[in-house]
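Below is one structure, written out as structure tokens; comments come after it.
Computation of the quantities below employed the complete heavy-atom set of this structure, encompassing side-chain atoms and omitting hydrogens, waters and symmetry-equivalent molecules. Remember, it's a predicted structure, so these values are computed and weren't measured experimentally. So that the names make sense, note that chain A is the first sequence line, chain B the second, and so on, each numbered from 1.
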Amino acid sequence: MTKSSFPKTYSSKKQLKKREEAVEFVCMIDLKILRENTEAVRRGIEKKKFQCDLEGFLALDQKRRLHITRTEEARAKQKSANNDMAALPKGSPEFLKKVEEMKSLAAQVKELEIEEKAIEEKWKALYLSIPNVPHESVPVGKTDKDNQVVLTWGDCSKISPCAVPHYDIPWFGKLIDFPRGVKVTGAGFPFYIGDMARLVRALLNFFLEEAKKAGYEEFMAPIVVNAASATATGQLPDKEGMMYYANEDQLYLIPTAEVPVTNFYRDEIFEESELPVYRCGYTPCFRREAGSWGKDVRGLNRLHQFDKVELVKWVHPDHSFEELEKLRLDAERLLQKLELPYRVLAICTGDIGFPHSKQYDLEVWAGGQKRWLEVSSCSNFTDFQARRAGIRFRPKNGKVETVHTLNGSGLAIPRVLAAILENNIQSDGKVKIPSILKKWIDTEFIGA
RNA sequence: GGAGAGAUGGCUGAGUGGUCUAAAGCGCCUUCCUGCUAAGAAGGUGGACUUGUAAAAGGGUCUCGAGGGUUCAAAUCCCUCUCUCUCCGCCA
């Protein structure tokens with residue numbers, strides 16, 4: 001697109017249209033359950049922090065269904081009249097009479113269709129605003145303070161007494177160069193240099209290898225996606241501001257591999273025998289983090305670009321909560337093998353995301369900063385995301401059903417790196433590299 | 001980037017305005033037959049929404065790349081977009 005002969009507004013209009021289109025196929029919570037089990041859904045949603053108008057939606061849903069019936073009846077009439085007419089000799093008096101009859105039928109149908117479209121639009125908007133219902137095992141709470149510590153692994157008190165925040169390590173700037181990142185790109189885009197770059201690569205290899213052992217097939221995925229994909233996984237339309245956007249081509253830089261990997265199976269139907277499907281992928285992740293910049297985000301704690309391995313599962317609805325536990329263990333094992341103390345949080349109803357039914361966060365202990373850093377978030381979306389993305393399966397006997405999707409980081413690199421730097425620092429100022437990484441990095445210590 | 005061709009069901013592929021309610025073949029499923037296999041016979045064969053029901057069966061509407069238009073009526077005609085293929089150009 002070197003010759004931009006079209007006016008600037010053109011691309012933004014097109015872009016807007018595209019976004020609207022992308023929202024078209026969207027559907028979210030199970031309508032049947034919502035209609036038949038309204039109370040349970042209401043109770044579940046009330047525990048979440050999201051507002052939605054259930055009553056309004058159900059009233060409109062009723063109206064929509066009535067209207068659909070009316071429109072369909074009109075169309076059926078039109079159709080049968082058309083078939084009658086097809087049997088008549090063209091141009092005969094009967095034929096011409098029928099044409100007149102059909103004119104009025106067509107006008108009726110058209111009118112009903114316009115009305116239906118308007119209702120459908122409102123209906124969809126409300127439908128979209130209904131969040132997923134939290135699982136009964138999710139702790140009830142209002143804010144992140146109410147999240148429950150499920151378990152703590154490792155001994156934080158045994159961390160080296162000389163631990164300092166990683167950004168205060170004297171040689172830190174030599175191996176991770178922020179100022180030059182600023183020069184080349186901007187804040188939050190550091191260069192990793194020499195042994196540090198190798199350490200990042202070693203971690204990636206370790207994560208991918210472990211994922212493979214756990215049964216996840218590796219994807220190397222696109223790192224830019226179109227609006228339809230970003231909508232299917234829920235980044236659009238709400239969290240638009242989190243993503244970098246290539247305006248010229250209407251493509252989004254992915255905030256996580258979840259987006260391309262989950263969309264791999266968008267609008268597809270699995271055979272029941274294929275489930276569960278496990279996939280993983282390493283990608284750089286891009287997050288604008290607009291407005292979230294401030295204290296507590298120094299060094300590697302929060303970046304605009306970072307590396308992450310993501311684990312994704314498509315499973316039978318009957319097993320998704322067991323699969324979540326397994327997924328969490330797959331992520332936990334990584335921290336254990338790296339010998340990094342961590343804890344697992346069960347995210348409470350008030351802090352859980354819009355599409356989540358249940359969510360665990362894994363937080364690694366950063367001994368220098370003396371804080372927990374989130375390195376993984378493992379979630380069961382039940383059928384919520386899959387319905388939106390049109391990912392289903394065909395039971396051996398019976399009708400097509402929506403699969404359940406889950407994903408979890410396994411893991412996000414920079415904060416793991418921060419924990420290694422802070423927890424493994426020796427009295428001589430060097431950092432000991434976890435022995436499990438020996439296979440991919442031959443040095444035992446880095447720094448100084 | 002330029003020029004041309006094209007997009008029909010799980011696949012191949014017919015269909016240029018009205019019984020298209022999409023042919024035919026392949027595949028798949030069920031049943032039958034043949035002592036295995038192969039071959040053969042009959043029937044069935046997607047998805048969405050909606051109706052119906054305890055659940056089903058059954059009924060209706062939509063669905064021929066996407067969106068819009070023309071028409072009483074569109075897979076079929078017109079416009080826009082997306083994608084695929086071929087050729088040319090450029091290029092890791």
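Distance check on atom P: U34(B) versus U16(B) gives 46 Å, rounded to whole Å. The P atoms of A7(B) and C64(B) are separated by 14 Å, rounded to the nearest whole Å. Taking atom C1' in both U31(B) and G68(B), one finds a spacing of 49 Å when rounded to whole Å. Look at the P atom in both U76(B) and C33(B): the space between them is 48 Å, to the nearest Å. To the nearest whole angstrom, the two C1' atoms, one in U45(B) and one in C11(B), are 14 Å apart. If you take atom P in C28(B) and the same atom in A39(B), they sit 10 Å apart, rounded to whole Å. Taking atom C1' in both G10(B) and G18(B), the straight-line distance is 31 Å, to the nearest Å. Nucleotides G13(B) and G69(B), compared at atom P, are 33 Å apart to the nearest Å.
In this structure, the ring of Phe286(A) has its center no less than 6.0 angstrom from the ring center of His304(A). Between His316(A) and Phe393(A), the ring center distance clears the sub-6.0 Å criterion.
Here G18(B) is the nucleotide among G18(B), A56(B), U50(B) with the atom lying nearest to any side-chain atom of Met102(A). Considering only side-chain atoms of Asn82(A), the nucleotide from G47(B), A73(B), U61(B) that sits closest is A73(B).
Counting non-hydrogen atoms of neighbouring residues, nucleotides and ligands closer than 6.0 angstrom, the NZ atom of Lys183(A) reaches no more than 12 such neighbours. Annotation for Glu271(A): atom CD counts as buried by contact number, over 12 foreign heavy atoms lying within 6.0 Å.
Protein atom CD of Glu271(A) is 18 Å distant from nucleotide atom P of G27(B), rounded to whole Å. Regarding Gln78(A), its CD atom lies at a distance of 11 Å from the C1' atom of U71(B), rounded to whole Å. Separating the CZ atom of Arg392(A) from the C1' atom of C49(B) is a distance of 13 Å, rounded to the nearest angstrom. Rounded to whole Å, the distance from CD on Glu36(A) to P on U50(B) is 12 Å. C49(B) atom C1' lies 11 Å from atom NZ of Lys399(A), rounded to whole Å. One can place CZ of Arg64(A) at 10 Å from C1' of A48(B), the figure rounded to the nearest angstrom. Straight-line distance from the CG atom of Leu60(A) to the C1' atom of U50(B): 16 Å, rounded to whole Å. Spacing between atom CZ of Arg75(A) and atom C1' of U63(B) amounts to 12 Å, rounded to whole angstrom units.
As the counterpart of U71(B), no nucleotide is assigned, since no Watson-Crick or G-U wobble pattern has both distances under 3.5 Å. Summarising the base pairing, C62(B) is matched to G47(B) through a Watson-Crick or G-U wobble pair whose two defining distances lie under 3.5 Å. With both pairing distances under 3.5 Å, U21(B) is matched to nothing as a Watson-Crick or G-U wobble pair. Pairing for A57(B) is absent, judged as Watson-Crick or G-U wobble with the two contacts each under 3.5 Å. Both distances falling under 3.5 Å, in either a Watson-Crick or a G-U wobble arrangement, occur for no nucleotide opposite A39(B). With both pairing distances under 3.5 Å, A14(B) is matched to nothing as a Watson-Crick or G-U wobble pair. Base pairing of U76(B) is not made with any nucleotide, judged by Watson-Crick or G-U wobble geometry with both donor-acceptor distances under 3.5 Å. G4(B) is paired with C85(B) under the Watson-Crick or G-U wobble criterion, all donor-acceptor distances under 3.5 Å.
Note: Phe219(A) and Phe264(A) have tilted aromatic rings, judged against thresholds of 30 and 60 degrees for the angle between ring planes. Between Phe384(A) and Phe354(A), the ring-plane angle classifies as perpendicular under the 30° and 60° cut-offs. Relative orientation of the Trp440(A) and Phe206(A) rings is tilted, given thresholds of 30° and 60° on the angle between their planes.
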Side-chain polar contacts of residues 190-201 of chain A - donor-acceptor pairs under 3.5 angstrom, sequence neighbours left out - could you list them?
from: Asp195(A); atom 1: OD1; to: Arg198(A); atom 2: NE; distance (Å): 3.4
from: Asp195(A); atom 1: OD1; to: Arg198(A); atom 2: NH2; distance (Å): 2.9

Could you list the donor-acceptor pairs under 3.5 angstrom formed between side-chain atoms of residues 276-283 of chain A and any protein atom two or more places apart in sequence or on another chain?
from: Tyr278(A); atom 1: OH; to: Lys313(A); atom 2: NZ; distance (Å): 3.4
from: Tyr278(A); atom 1: OH; to: Glu323(A); atom 2: OE1; distance (Å): 2.6
from: Tyr278(A); atom 1: OH; to: Glu323(A); atom 2: OE2; distance (Å): 3.4
from: Tyr278(A); atom 1: OH; to: Lys326(A); atom 2: NZ; distance (Å): 3.4
from: Arg279(A); atom 1: NE; to: Tyr265(A); atom 2: OH; distance (Å): 3.4
from: Arg279(A); atom 1: NH2; to: Tyr265(A); atom 2: OH; distance (Å): 2.9
from: Tyr282(A); atom 1: OH; to: Asp307(A); atom 2: OD1; distance (Å): 2.6

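Heavy-atom distances under 4.0 Å link RNA chain B to Lys103(A), Ala106(A), Lys117(A) of residues 103-119 of chain A, given in residue order.
Nucleic acid contact for Lys79(A): sugar-phosphate only, since backbone atoms but no base atoms lie under 4.0 Å from a heavy atom of the residue.
Of the residues near RNA chain B, Val99(A) and Asn83(A), the one whose nearest nucleotide (by heavy atom distance) lies more toward the 5' end is Asn83(A). Between Ala86(A) and Thr69(A), the one whose closest nucleotide on RNA chain B sits nearer the 5' end is Ala86(A).
Within the structure, a side-chain polar atom (N or O) of Arg394(A) is placed less than 4.0 Å from OP1 or OP2 of G47(B).
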